[in-house]
Amino acid sequence: MSIASVSTVISNGLFLSFVAGIPLYAACKKVPVYETFVDGAKDGFTLAVKIIPYLVGMVVAIGMFRAAGGFTLLAHWFAPLLRLLGVPEPVLPLALIRPFSGSASNSLLVGLIHQYGPNSFIAHVGATMMGSTETTFYVVAIYFAAANIRRTRHAIPAGLIADFVGVVASVWICRLVFLHS
Amino acid sequence: MLNYIWLGLMVCSVILGVADGRTAQVVAAVTDSAKLAVTIAIGLVGIMALWLGLMKIAEEAGLVQLFAKAISPIMRRLFPDVPIEHPAMGSMVLNMAANMLGLNNAATPFGLRAMEELEKINKTPGTASNAMCTFLAINTSSVQLIPATAIAFLAAGGADNPAVIVGTSIIATTCSTVAAVVAVKFFEKLPMFNRRKEVVNEYS
């Protein structure tokens, strides 16, 4: 528990030092901090609204696919490949849904921890996977939305390769660390 | 690419849903997801305003430029098309720094700002530039040093030492980031991802 609480203290400390430290430094440089803040913050609303159409499109398509049982089917198809690479059976669904949905993969990880125990190898692999991959489709959708990009070229293939390598690397490094010590 | 994936997801869902007798769930998912998307976006407004405001202060004070200059050797190699003093560079640096430190809700506003700035220097508006693809690939590979969410889940589940995954995550995420950069630099040279060709080929 101690390392976990230390890491919480560090990230809270970082957060607060950003929030207070930046204006403090700027004030020393004679920047009118409040006016500047408001000026920059104005863009927050427009930017959030700008991504809505893209986000609706992406979230609806993924939501439908999930409700139709598409991910279960995908997991079934990709299982042989991932099994070949040594990915344990229980984490297969997590590995597959990770690029598509953050909330779904969160709940899968919680399920794994509950079912196999918080100190199990499976829980460690799942948590490492969550920590080393991203919700690729969400990131692609909102980032390109901000720039009004419709043709995404090689961004998605490269992102999926990164996810794939993250999944396989998680399994291998966990094998090395947790099974051989 | 997104055109095909999007269409594929929707058509497959309907076919699968009908075949599996899950039509009702699919229908419910459509409306629920549409609402969820707006909830997510609106939920970002406050955080977005806060961090964009702070970022503006940091820019005015010259902090961002200072920071960008400090890691310019790496940035210049990753994004050869982006001038080092351009605001896009500063936003990208802040985004990556926030990601590494696990400040996820700060990373998103910086990232979106970076993409807006990158579009300003994009020679093919509407089509992703090399810099955008590289930036996105690095982002989707996750560069987090402390996986706070995963640690929190392990802790909530009653793990003896939830932070054991910090080390393994750093190694795994390094692998995926290296893979992302290698993949993106390789793909950008392939004729199938050529900018002009894709403009002609893909319906839009």
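Throughout, a chain's letter reflects where its sequence line sits, starting with A, and its residues are numbered from 1.
Atom-to-atom distance recorded for A:M58:CE and B:L9:CG is 7.5 Å, nearest 0.5 angstrom. The structure places CG of B:L112 at 5.0 Å from CD1 of A:I142, a figure rounded to the nearest 0.5 Å. Atoms CD and CD1, from A:E35 and B:I57 in turn, are 10.0 Å apart once rounded to the nearest 0.5 Å. Put simply, OG1 on B:T124 and CD1 on A:I149 are 7.0 Å apart, with the number rounded to the nearest 0.5 Å. Atom CD1 in B:I5 sits 4.0 Å away from atom CZ in A:F137 (nearest 0.5 Å). In this structure, B:I170 CD1 and A:I173 CD1 are separated by 11.0 Å, a value rounded to the nearest 0.5 Å.
For A:K30, no part sits under 4.5 Å from any heavy atom of chain B, backbone or side chain. For B:V164, the parts lying near chain A are the backbone and the side chain together; criterion is any non-hydrogen pair under 4.5 Å. Contact annotation for B:F186: neither backbone nor side-chain heavy atoms come within less than 4.5 Å of a heavy atom of chain A. Looking at B:I47, there are no atoms closer than 4.5 Å to chain A (heavy atoms on both sides), in backbone or side chain. Using a 4.5 Å cut-off between heavy atoms, A:L47 touches chain B through backbone and side chain atoms alike. Heavy atoms closer than 4.5 Å to chain A are found nowhere in B:M55, neither backbone nor side chain. Heavy atoms closer than 4.5 Å to chain B are found in the side chain of A:V110, but not in its backbone. B:L154 touches chain A through backbone and side chain together, each having a heavy atom under 4.5 Å away. Only the side chain of A:V31 comes within less than 4.5 Å of a heavy atom of chain B; its backbone N, CA, C and O stay farther away. When heavy atoms are compared at a cutoff of 4.5 Å, A:T136 approaches chain B by way of both its backbone and its side chain. Interface residue B:A107: only backbone heavy atoms are found under 4.5 Å from chain A. Looking at B:T108, both its backbone and its side chain come within 4.5 Å of chain A, counting heavy atoms on both sides.
Counting heavy-atom pairs under 4.5 Å between each of A:A123, A:A127, A:A145 and chain B puts A:A127 at the top. For the set B:A29, B:G126, B:C12, the entry with the most heavy-atom pairs within less than 4.5 Å of chain A is B:G126. Contact count versus chain A (heavy atoms, under 4.5 Å) is highest, among B:A28, B:G17, B:S141, for B:S141. Contact count against chain B (heavy-atom pairs under 4.5 Å) is highest for A:I156 among A:N148, A:I156, A:V49. Heavy-atom pairs under 4.5 Å with chain A peak, among B:G157, B:A183, B:S169, B:A150, at B:S169. Counting heavy-atom pairs closer than 4.5 Å to chain B, the top residue among A:I161, A:D163, A:V139, A:I22 is A:I22. Of the listed residues B:A137, B:G43, B:A49, B:P147, the one with more heavy-atom pairs under 4.5 angstrom with chain A than any other is B:A49. Note: B:G53 leads B:A152, B:G53, B:A156 in heavy-atom pairs under 4.5 Å with chain A. Between chain B and the options A:G57, A:A141, A:C174, the largest number of non-hydrogen pairs under 4.5 Å is found for A:G57. Top candidate by heavy-atom pairs under 4.5 Å with chain B, chosen from A:G126, A:P157, A:A26, is A:P157. Contacts with chain B were tallied for A:L160, A:T135, A:V59; A:V59 has the most, counting heavy-atom pairs under 4.5 Å.
Counting only heavy atoms from C-beta outward, the side chains of B:L2 and A:Y54 never approach each other to under 4.5 Å. At least one side-chain heavy atom of A:F37 sits less than 4.5 Å from a side-chain heavy atom of B:L50. The shortest distance between side-chain heavy atoms of A:I113 and B:F153 falls below 4.5 Å. Using a 4.5 Å heavy-atom threshold, the side chains of B:N139 and A:E134 count as separate. Put simply, the side chain of A:I51 reaches to within 4.5 Å of the side chain of B:L44, judged on heavy atoms. Within the 4.5 Å cutoff, no side-chain heavy atoms of A:T36 are placed close to those of B:E59. Side-chain contact between A:V125 and B:T168 is absent, with no heavy atoms from C-beta onward closer than 4.5 Å. By the 4.5 Å heavy-atom criterion applied to side chains, B:M132 and A:F144 are counted as neighbours.
No donor-acceptor pair closer than 3.5 Å links the side chain of B:D160 to the backbone N or O of A:N119.
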Next on the checklist: Would A:R153 and B:T127 count as a side-chain contact (heavy atoms from CB on, under 4.5 Å) here? Give the steps.
Outcome noted: CA-CA 7 Å; A:R153 292 175 68 217; B:T127 302; 3.7 Å; yes

Next on the checklist: Please evaluate residues A:I52 and B:I42 with respect to the criterion side-chain contact (heavy atoms from CB on, under 4.5 Å), reporting the C-alpha separation (whole Å), side-chain torsions for both, the decisive distance (0.1 Å), and the verdict.
Outcome noted: CA-CA 8 Å; A:I52 288 181; B:I42 296 299; 4.2 Å; yes

Checklist entry - Passes side-chain contact (heavy atoms from CB on, under 4.5 Å), A:Y25 versus B:L63? Steps please. => result CA-CA 8 Å; A:Y25 177 86; B:L63 259 178; 3.4 Å; yes

Next on the checklist: Would B:V14 and A:M64 count as a side-chain contact (heavy atoms from CB on, under 4.5 Å) here? Give the steps.
Outcome noted: CA-CA 8 Å; B:V14 173; A:M64 282 170 73; 3.9 Å; yes

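For A:V140 against B:L136, the heavy-atom pair with the smallest separation is CA-CD2, 3.9 Å. Contact detail for A:V165 and B:A179: the closest heavy-atom pair is CG2-CB, 3.5 Å. Residue B:E116 comes nearest to A:A146 through the heavy atom pair CG-O, 3.3 Å, listed as atom of the first residue, atom of the second, then distance. Shortest non-hydrogen contact noted between A:A48 and B:V45 is CB-CG2, 3.5 Å. Residue B:T173 comes nearest to A:G131 through the heavy atom pair OG1-O, 4.3 Å, listed as atom of the first residue, atom of the second, then distance. Taking all atoms of both residues into account, the shortest heavy-atom contact from B:C175 to A:A169 is CB-CB, 3.8 Å.
Residue-environment remark: NZ (B:K69) stays at or below the threshold of 12 foreign heavy atoms within 6.0 Å. Within 6.0 Å of CZ in A:F18 there are 12 or fewer heavy atoms belonging to other residues, nucleotides or ligands. Applying the 6.0 Å contact sphere to CZ of B:F67 captures no more than 12 heavy atoms from other residues, nucleotides or ligands. Residue A:F45 places its CZ atom among 12 or fewer non-hydrogen atoms of other residues, nucleotides or ligands, all under 6.0 Å distant.
The aromatic rings of B:F193 and A:H154 sit tilted relative to each other, their planes meeting at an angle between 30° and 60°.
B:N3 and A:R150 share no donor-acceptor pair across their side chains, judged by distance under 3.5 Å alone.
The side chain to side chain contact (heavy atoms under 4.5 Å, CB included) with B:I165 is formed by just one residue from the set A:M130, A:M129, A:H124; it is A:H124.
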